[in-house]
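Note that the numbering runs from 1 along the sequence shown for the chain.
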Amino acid sequence: MEEFLFGYLNYFTKRLNDICNEKIIENKEKFLKEAELKIKKDLEKLLAPSICWLLWIEKSKNDLPGKTEKEKFEFFANKYSSKLEKIYPDLEKIIKSYLNNELYFYEKIIKKIEENFNIIRKIFKIRNKKLKQIKIADYSDRHYKGFRTVFINFGEKIIKIKPFHFSFNENLFLIFKEIDSSLLKNFQNYIRIDNWWFSEFIEYKGKVNNEEAEVFYYDIGKLLALAYCFNGVDFHMENIIAFKNTPIILDAESFLTNFSIFKNKRLNKNILATGFLENKRNKQLTSAIFGGKKKLISFTDPVIYFRNTTRMFIRYKKFSNFKQHNRIFVNNKMANPTLFSKEIIKGFFDCYNKILEKKTEIINILERLENYYTRVILRKTSFYTILIRHTTQPLNFPLDKFKNKLSKTLVQNSRNFHKINKSNLDRVVKYEVDSILNQEIPIFWQDINRKTLYYPEGKIENFFERTAKEVVLEKIESLSFKDLDSKIKIIKRYLK
């Protein structure tokens, strides 16, 4: 693979070397080496399908000289390493776009750190005057222009940076504090610096005793109530980290979801929409409560199969290395949430009951919220990820034809949307297609006081049937002891 990567890696490292600032980075050579290693792994995944396809064709001809498989591959690499971009010009475009976006992102990160270096050190009480490492988070989704979560390591402390395209839910904490001030400990505390968001890295500490486990799952119940009552979604296993007896939500960006976009009006009352619960019989468990017990199939490492010289297809058989940061261990055994159903239900009941008691105060705070943005999740990230993997398959080249197929797939997947006119849907799909071809997860957000959908390249007026504020206020108004009782019955059923 080295033969195919040499030119790309050389281009990336030279450009990154110019971007890198030695005033803030302690060991420039180490930084460049680590960045190159990461981009190398990324490029291998982009190139692998095309290389495998060409190799399969050559082997099927029995035309590769050499006694060993290594000798045969060396001959193959020498033959094709300089021809790949001519054979697959679309692949060349994808890789160059990927590299340029990565460099753009590194440049923005380094510049942002440089401009706010002393402020960051002062706020987080850091003594070291230089960074030891800048690391892109392994499991962070790659969004517009490559933007995603980054960790900067000062040696004594690690700081997490989120370059958001929308406001963090800081005002929502005013409501949570009104309900129960102890809830704030269950959220990662971000500090806004120059419109980006910084926080101390939270280290996973999952070993607890039985009493601590009871506290942990009681808090899980409270968070489930918050997510349900305030239309929170996307609370999967990667969004929760166990810190001793405290479950901490890492991203509170998807509370106040505007369910008016979907045809299914029952989503507003569906506790499963939160992501905290799921059917334990599912092959792939990803929820905040049950996820982490079973290993997940990784979408990042395709296994390539060949039926013949005209057909190649992908399967995902490799398991993800994601660690179970959402799960706790009692006596070195992973705790079974069903054994703590009593604590989860009590936490849910107590928090829901407090929301009922403070309903008037909550509504007053919600009504006053202005210029408040939250993330909009139109489709599952896993759906986008699968489509991204298909963009580098040689059988989908030329991509101009594949674009049409991609657009049709996204339009078909939009059937669960409610009353979106064709013009608006076309704009959404065009942005999604462009993002997918750039190996990026599309990202959308909303102002809770407007019906507008925002995305990095623009906005669509009157996209939603109603504003998010209207939807959530209606939800809070509808909360009742009858609804509480019905939700507890559902929780009991899933925790059996």
- Query: Is it true that Asp180 and Lys222 have a side-chain N and a carboxylate O under 4.0 angstrom from each other?
  - Reply: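 Here Asp180 pairs with Lys222 in a salt bridge, since their nearest N and O are under 4.0 Å apart.
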- Going through the distances and angles, do Asp141 and Arg148 end up as a salt bridge (Lys or Arg N to Asp or Glu O under 4.0 Å)? CA-CA 6 Å; Asp141 296 328; Arg148 53 217 192 268; over 6 Å; no
With no hydrogens and no angle check, do the side chains of [X] and [Y] hold a donor and an acceptor under 3.5 Å apart?
X	Y	value
Asn416	Lys263	no
Asn438	Ser97	yes
Asn101	Glu440	yes
Tyr384	Glu432	yes
Tyr190	Lys160	yes
Asp426	Tyr431	no
Ser486	Lys269	no

- Task: Could you walk me through whether Asp350 and Lys346 pass salt bridge (Lys or Arg N to Asp or Glu O under 4.0 Å), step by step?
- Result: CA-CA 6 Å; Asp350 289 349; Lys346 189 176 187 308; 3.0 Å; yes
Aromatic ring proximity, centroids under 6.0 angstrom, [Y] and [X]:
X	Y	answer
Phe147	Phe105	yes
His325	Tyr204	yes
Tyr218	Phe340	no
Phe201	Phe151	yes
Phe463	Phe417	no
Phe173	Phe187	yes
Phe255	Phe176	yes
Tyr144	Tyr455	no

- Item | salt bridge (Lys or Arg N to Asp or Glu O under 4.0 Å) between Glu474 and Arg466, intermediate numbers included | CA-CA 11 Å; Glu474 183 182 75; Arg466 302 162 68 198; 3.3 Å; yes
- Any cation-pi pair here, Lys475 with Phe259, using under 6.0 Å and within 45°?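 The answer is no, since Lys475 fails at least one limit relative to Phe259.
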- With Lys162 as the cation and Trp197 as the aromatic partner, state whether NZ or CZ is under 6.0 Å from the six-membered ring centre and within 45° of the axis.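 Not flagged: Lys162 not positioned over aromatic ring of Trp197.
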- Task: Can you spot which of Leu479, Asn270, Ile491 makes a side-chain contact (heavy atoms from CB on, under 4.5 Å) with Tyr228?
- Result: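 The residue from Leu479, Asn270, Ile491 that satisfies side-chain contact (heavy atoms from CB on, under 4.5 Å) with Tyr228 turns out to be Leu479.
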- Message: Is it the case that over 12 heavy atoms from other parts of the model lie below 6.0 angstrom from the CG atom of Asp194?
- Response: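 Yes, enclosed.
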- Message: With salt bridge (charged side-chain N to carboxylate O under 4.0 Å, His left out) as the test, pick out the partner of Glu102 among Lys145, Arg142, Lys38.
- Response: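 When Lys145, Arg142, Lys38 are each tested with Glu102, the salt bridge (charged side-chain N to carboxylate O under 4.0 Å, His left out) holds only for Arg142.
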- Query: How far apart are the C-alpha atoms of Lys459 and Glu461, what are their side-chain angles, what is the distance that settles it, and do they pass the salt bridge (Lys or Arg N to Asp or Glu O under 4.0 Å) test?
  - Reply: CA-CA 6 Å; Lys459 62 183 180 180; Glu461 301 284 356; 3.6 Å; yes
- Which atom names give the shortest non-hydrogen contact between Lys132 and Gly155, and what distance separates them?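 Heavy atoms of Lys132 and Gly155 come nearest at CD-CA, 3.6 Å.
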- Which heavy atom of Ile488 sits nearest a heavy atom of Phe348, and at what distance?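 Looking at all heavy atoms of both residues, the shortest contact is CG1-CD2, 4.0 Å.
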